[in-house]
Visitor: 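Quick one: the structure is below, questions incoming.
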Amino acid sequence: MEQLYPQAATELQHRNPFELLIATVLSAQATDASVNKATPALFQRYPDAFALAQATPEEVEPYIKTIGLYRSKARNIVLLARRLVEQHGGEVPVDKAKLRALPGVGWKTATVVLGAAFGVPGIAVDTHLTRLAARLGLSAQKDPEKIGGDLERLFPKEKWVFVHHALILFGRYRCTARNPKCQDCPLYSDCLSKGAW
DNA sequence: ATCCCGAGGG
DNA sequence: CCCTCTGGAT
């Protein structure tokens with residue numbers, strides 16, 4: 001039987017909100033696996049926001065060399081830590097708007113962190129979900145926040161995490177950007193594109 | 001060789 | 001809206 005989804009989605013493996021936040025920001029343009037690999041040394045050297053806030057981006061760079069975008073990311077996470085110290089007592093705020101206001105934290109990252117660090121359910125919209133929403137006509141706009149809200153309204157809160165994972169995998173491996181596997185697609189009748197990508 | 005899990009800036 | 005950043009996946 002054909003394997004529907006190649007490798008099981010890896011996950012960020014971190015312990016506290018600070019680590020989760022930093023790891024999530026870092027994972028924007030890298031795989032979870034490479035983030036998990038680079039991160040232990042980083043957090044041993046900079047265990048909390050206070051430690052990281054005192055570092056310079058140049059000092060941090062070596063720790064995340066293997067992660068994409070390391071130059072801007074090194075700067076980003078240092079600025080992020082400084083804002084955490086200055087505005088939130090070194091803690092990660094449990095508030096989507098406050099998270100969203102942090103440098104390097106967009107809507108998707110804020111939603112993921114809230115879920116992973118504090119168990120707050122939410123549907124984090126990435127490019128896969130954006131594409132899926134467009135093809136299924138679930139959301140007229142491309143704004144991730146709008147799409148996330150539409151999706152969340154469509155399903156009961158207890159299902160959000162499941163729905164999120166299912167749709168992400170479906171979008172990534174089946175309803176792909178190019179050459180989507182439309183054969184036997186269970187959503188074909190609801191699709192606005194119908195193979196006309 | 002080409003594409004891209006996202007954020008910020010133009 | 002479009003672009004860039006950049007290592008890694010395909």
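In what follows, every chain begins at residue 1, and chains take the letters A, B, ... in the order their sequences are listed. When reading the values below, keep in mind they use all heavy atoms of this one structure, side chains included, and skip hydrogens, waters and symmetry mates.
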Visitor: Looking at A/Gly171, is its backbone amide N or carbonyl O close enough to the side chain of A/Arg131 to form a donor-acceptor pair, meaning the two atoms are under 3.5 Å apart?
Guide: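 Answer holds: yes.
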
Visitor: Walking along DNA chain B from 5' to 3', note the first and the last nucleotide with an atom under 4.0 Å from a heavy atom of chain A, and give both.
Guide: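 It runs B/dC3 to B/dG8.
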
Visitor: For the CD atom on A/Glu59, are there more than 12 heavy atoms of other groups (residues, nucleotides or ligands in this structure) within a distance under 6.0 Å?
Guide: yes

Visitor: May I ask you to say what A/Ser27 touches in the nucleic acid, namely base, sugar-phosphate or nothing, with a heavy-atom cut-off under 4.0 Å?
Guide: nothing

Visitor: Once you apply a heavy-atom cut-off of 4.0 Å, does A/Thr66 come out as touching a base, just sugar-phosphate, or nothing?
Guide: sugar-phosphate

Visitor: Please state how far atom CD1 in A/Ile64 lies from atom P in C/dT6, giving the value in whole angstrom units.
Guide: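 Between P of C/dT6 and CD1 of A/Ile64: 12 Å.
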
Visitor: How is A/Val25 classified with respect to the nucleic acid when contacts are heavy atoms under 4.0 Å: base, sugar-phosphate, or nothing?
Guide: nothing

Visitor: According to salt bridge (charged side-chain N to carboxylate O under 4.0 Å, His left out), does anything in residues 62-80 of chain A pair up with another residue at least two apart or in another chain? List the pairs.
Guide: A/Glu61-A/Lys65

Visitor: Classify A/Ser72 by what it touches in the nucleic acid, base, sugar-phosphate, or nothing, heavy-atom distance under 4.0 Å.
Guide: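 A/Ser72: no heavy atom of the nucleic acid under 4.0 Å.
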
Visitor: Answer whether the closest heavy-atom distance between the side chains of A/Leu129 and A/His164 falls below 4.5 Å.
Guide: yes

Visitor: In residues 76-85 of chain A, which residues come under 4.0 Å of DNA chain C by heavy atom?
Guide: none

Visitor: For a 4.5 angstrom cut-off between non-hydrogen side-chain atoms, does A/His88 reach A/Arg83?
Guide: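 When only atoms from C-beta onward are counted, A/Arg83 and A/His88 do not touch, as no gap falls below 4.5 Å.
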
Visitor: Give the minimum heavy-atom separation between A/Val25 and A/Leu80, together with the two atoms involved.
Guide: CG2-CD2, 3.8 Å

Visitor: Determine whether a donor-acceptor pair (N or O, by modelled atom type, separation under 3.5 Å) exists between the side chain of A/Lys194 and the backbone of A/Tyr188.
Guide: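 Between the backbone of A/Tyr188 and the side chain of A/Lys194 there is a qualifying donor-acceptor contact (under 3.5 Å).
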
Visitor: Taking A/Thr176 for the side chain and A/Arg172 for the main chain, is one N or O donor matched with an acceptor at less than 3.5 Å?
Guide: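 Side chain of A/Thr176 to backbone of A/Arg172: no pair is present.
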
Visitor: Rounding to an integer number of angstrom, what distance separates C/dT10 and B/dG6 when you compare their P atoms?
Guide: 16 Å

Visitor: Suppose we screen for ring pair (Phe, Tyr, Trp, His ring centres under 6.0 Å). Which residues come up paired with A/Tyr63, at least two apart in sequence or across chains?
Guide: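 Testing A/Tyr63 for ring pair (Phe, Tyr, Trp, His ring centres under 6.0 Å), a comparison that skips the adjacent residues, returns A/Tyr46.
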
Visitor: Of all of residues 91-104 of chain A, which get a heavy atom below 4.0 angstrom from DNA chain B, listed by number?
Guide: A/Arg100, A/Leu102, A/Pro103, A/Gly104

Visitor: Does A/Leu99 reach the side chain of A/Leu102, with side-chain heavy atoms less than 4.5 Å apart?
Guide: yes

Visitor: Which pairs with one or both residues in residues 145-170 of chain A pass salt bridge (charged side-chain N to carboxylate O under 4.0 Å, His left out), sequence neighbours excluded?
Guide: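 Salt bridge (charged side-chain N to carboxylate O under 4.0 Å, His left out) check on residues 145-170 of chain A returns A/Lys146-A/Asp150, A/Asp150-A/Arg153.
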
Visitor: Roughly how many Å is it from CG in A/Leu69 to P in C/dC3, rounded to a whole number?
Guide: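 It is 17 Å, rounded to the nearest whole Å.
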
Visitor: Tell me the interatomic distance from A/Tyr70, atom OH, to C/dT4, atom P, rounded to whole angstroms.
Guide: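 Interatomic distance, OH of A/Tyr70 to P of C/dT4: 18 Å.
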
